[in-house]
There are 2 protein chains.
Amino acid sequence: MSSTIYDIAREAGVSIATVSRVFNNTPNVTEKTREKVLAIADELGYHPKALAQSLARKKSRIISVVVPVISNYFFMEVLAGMQDKIAEYDYDLQIFNVRDSDNLLQQTEHIMKRGWGEGYILISVHLEDKEWKSLDKYKLPIVLIDEYFSGFDTISVDSVEGAYTATNHLIEQGYKRIGMISANPLAKPSMDRIMGYKRALEDAGHLVNPEWIVTGDNMTRDGFVESNGYEAMMKMLEKEKAPEACFCASDIQALGAIKAMRDKKNRIPLVAFDDLEFSEYVGLTTMRQPMYEMGQLAIERLISRTKHKEEDIRHTVFSPDLIIRSSTPEYSGYINTSG
Amino acid sequence: MSSTIYDIAREAGVSIATVSRVFNNTPNVTEKTREKVLAIADELGYHPKALAQSLARKKSRIISVVVPVISNYFFMEVLAGMQDKIAEYDYDLQIFNVRDSDNLLQQTEHIMKRGWGEGYILISVHLEDKEWKSLDKYKLPIVLIDEYFSGFDTISVDSVEGAYTATNHLIEQGYKRIGMISANPLAKPSMDRIMGYKRALEDAGHLVNPEWIVTGDNMTRDGFVESNGYEAMMKMLEKEKAPEACFCASDIQALGAIKAMRDKKNRIPLVAFDDLEFSEYVGLTTMRQPMYEMGQLAIERLISRTKHKEEDIRHTVFSPDLIIRSSTPEYSGYINTSG
DNA sequence: CTGAAAGCGCTTACAG
DNA sequence: CTGAAAGCGCTTACAG
């Protein structure tokens, strides 16, 4: 069994209060007793148990991250940012999965009630305003990533604007019949991107053809998977009057779409959304979401809020940047498509 | 402030023991008192604090995962498996990062001494035998992924064998001058893969040319990054007598290598190692590591061990499977390379 | 500088 | 079926 503060106190001939003090770097301890305690602790492999400290201090120094099980590369890159940033503080990270079902709110509440974290970062947890409000009563520091609620700090990317910019890039290159590969149209990010896509076409006076908005059959992770993009692009290229260029709701789907174009031997310009780490290497033009930075910022905001509860709520909305690569080559007059 | 067991007990007119019993589903509680307690708990948004439960039970129901900050896609896919599997149990996941420096052992020990987890999963933490042994004294359930020590449960993939199979695939297709893109040659997985590569060439009676083993300049994450593969392939193709085929230590580097081949307009057959989720979509022939399954297995083994301390130690070594895709097309007689 | 004691929010024998 | 009480391993005023 691992030793406790009592074992150390006994061996060192001091009280447990003193042992506690040396581990908490309280100034008023003789150098001599400090050394003695430390020596014995080292010998017995002792260190205060975080669990007991947390209870006594009423502070766990844990940040809980809640993420739907449909965790994807987006989450992974956000997590990387959180990990790197939290290393600067004396906090640890705990991850909770919620199933993306109708009782999302209850699942989230349950996690909060159990009280592991001093603060909570919710990534891509999509709730209604009144549901967010009901979370408010726990008076916990909360930061939302990829969502918006006026009562909590939020960090997100403007999907509508991003989709608009992406689509517009295609328009500016001279394309008119522009299709879109969407994901689950009921999911928030998907919905916003469809909106931005439509708006860009409308503003340019181009046709918005509902048949040109397609998605695949695989709805795992709300359709944000390679195979969904593959299926969608196959459908798109099989249409009698296929689009001459395409905006794709995510990089991961774009990867599948590119394979479909290869298989169909029909390559059309493509711009996607995310800018995952590998996208540079497949030459994908895309709207860059600063995922890593969002993760870092979330940690900063949350830790700051655990310290100053009354700080003003802050909403950070990033504008995604258009990163042009080889999947949208310069427009060369006429396009090689069927129809 | 959030309510405690005392608040509920007072409101319900029972003792805290009774409240505790209803939340622990102890059988002997009248249905009537149970309902009363639950009603009040619901009203006050009460649920037992996990922290206090853990201390009282001496069981945290937390599994701690230790991973170097150089976390990469390998870790991500393992994590996915762990997340999905842990959902079946009443455990939560906590993630700790260690910096990949000389005091890896101390960092790991510190995490264990703090005692959050009931058990520990260490991913890609590479220590010496005597260092592992020193961890043994904590008598904690430990599972190692991507490492081996006789005293702990371990889960790994045979890198030597995998590299052998990969290289042999190229040999069987008729290639003789086979190069290798390695990562940091001092990192264990890298070392093993170089060994398997060499052994395959030797067994086939082919030349092992040290100059054909190259790595890039970017040693972030031990060189397991896209840009490293890009740089390495550029070097390889610039050699006066360039290899006619290549084994690459990881999929992520292969992505960079493919871009280099595109830029150099010189495509040689390539087989990599990992089989990341997206690799199928870039048509990469590779040695598949069952990362997701490894994550799942690690959770199963660890939870099983927390329950039966005296279970026999188990070492699971997966043989990576060769997944053939378009990056290694059929050998067509003569090869188109310089030299 | 150091110790005795209360308290953090629970669980769980032990009685009844 | 229920309660009083001890205990989990610490921290932290309060005295001295």
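A, B, ... follow the sequence lines: proteins, then strands. Residue 1 opens every chain.
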Just the rounded figure in Å: distance from [atom2] of [N] to [atom1] of [X].
| X | N | atom1 | atom2 | value |
| --- | --- | --- | --- | --- |
| Arg10(B) | dT2(D) | CZ | P | 19 Å |
| Arg57(A) | dC8(D) | CZ | P | 20 Å |
| Ile16(B) | dT12(C) | CD1 | P | 12 Å |
| Asp7(B) | dG9(C) | CG | P | 9 Å |
| Arg21(B) | dT11(C) | CZ | C1' | 10 Å |
| Asn28(B) | dT12(C) | CG | P | 13 Å |
| Phe23(A) | dC10(D) | CZ | P | 9 Å |
| Leu55(A) | dG9(C) | CG | P | 7 Å |

Measure from the side-chain heavy atoms of [X] and tell me the nearest of [options].
| X | options | result |
| --- | --- | --- |
| Thr33(B) | dT11(C), dT2(D), dT2(C) | dT2(D) |
| Lys49(A) | dG3(C), dG9(D), dC10(C) | dG9(D) |
| Ala17(A) | dA4(C), dG9(C), dT11(D) | dA4(C) |
| Tyr6(B) | dC10(D), dC10(C), dC1(C) | dC10(C) |
| Thr30(A) | dT11(C), dG9(D), dC1(C) | dC1(C) |
| Ser15(B) | dT11(C), dA4(C), dG3(D) | dG3(D) |

*Let me see the working for Ile142(A) and Phe149(A) under side-chain contact (heavy atoms from CB on, under 4.5 Å), right down to the final yes or no.*
CA-CA 11 Å; Ile142(A) 294 178; Phe149(A) 172 64; over 6 Å; no
*Considering residues, nucleotides and ligands other than Lys309(A), do more than 12 of their heavy atoms fall under 6.0 Å from its NZ?*
yes
*asked:* Counting only Watson-Crick pairs (N1-N3 plus N6-O4 or O6-N4) and G-U wobbles (N1-O2, O6-N3), all under 3.5 Å, who is the partner of dC1(C)?
replied: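 Check on dC1(C): paired to dG16(D), both distances under 3.5 Å.
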*Could you label the plane-to-plane angle of the Tyr148(B) and His315(B) rings as parallel, tilted or perpendicular, counting under 30° as parallel and over 60° as perpendicular?*
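The arrangement is tilted - the two ring planes meet at 30° to 60°.
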*Reckon Thr18(B) touches a base, only the sugar-phosphate, or nothing at all at heavy-atom distances under 4.0 Å?*
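Sugar-phosphate contact only.
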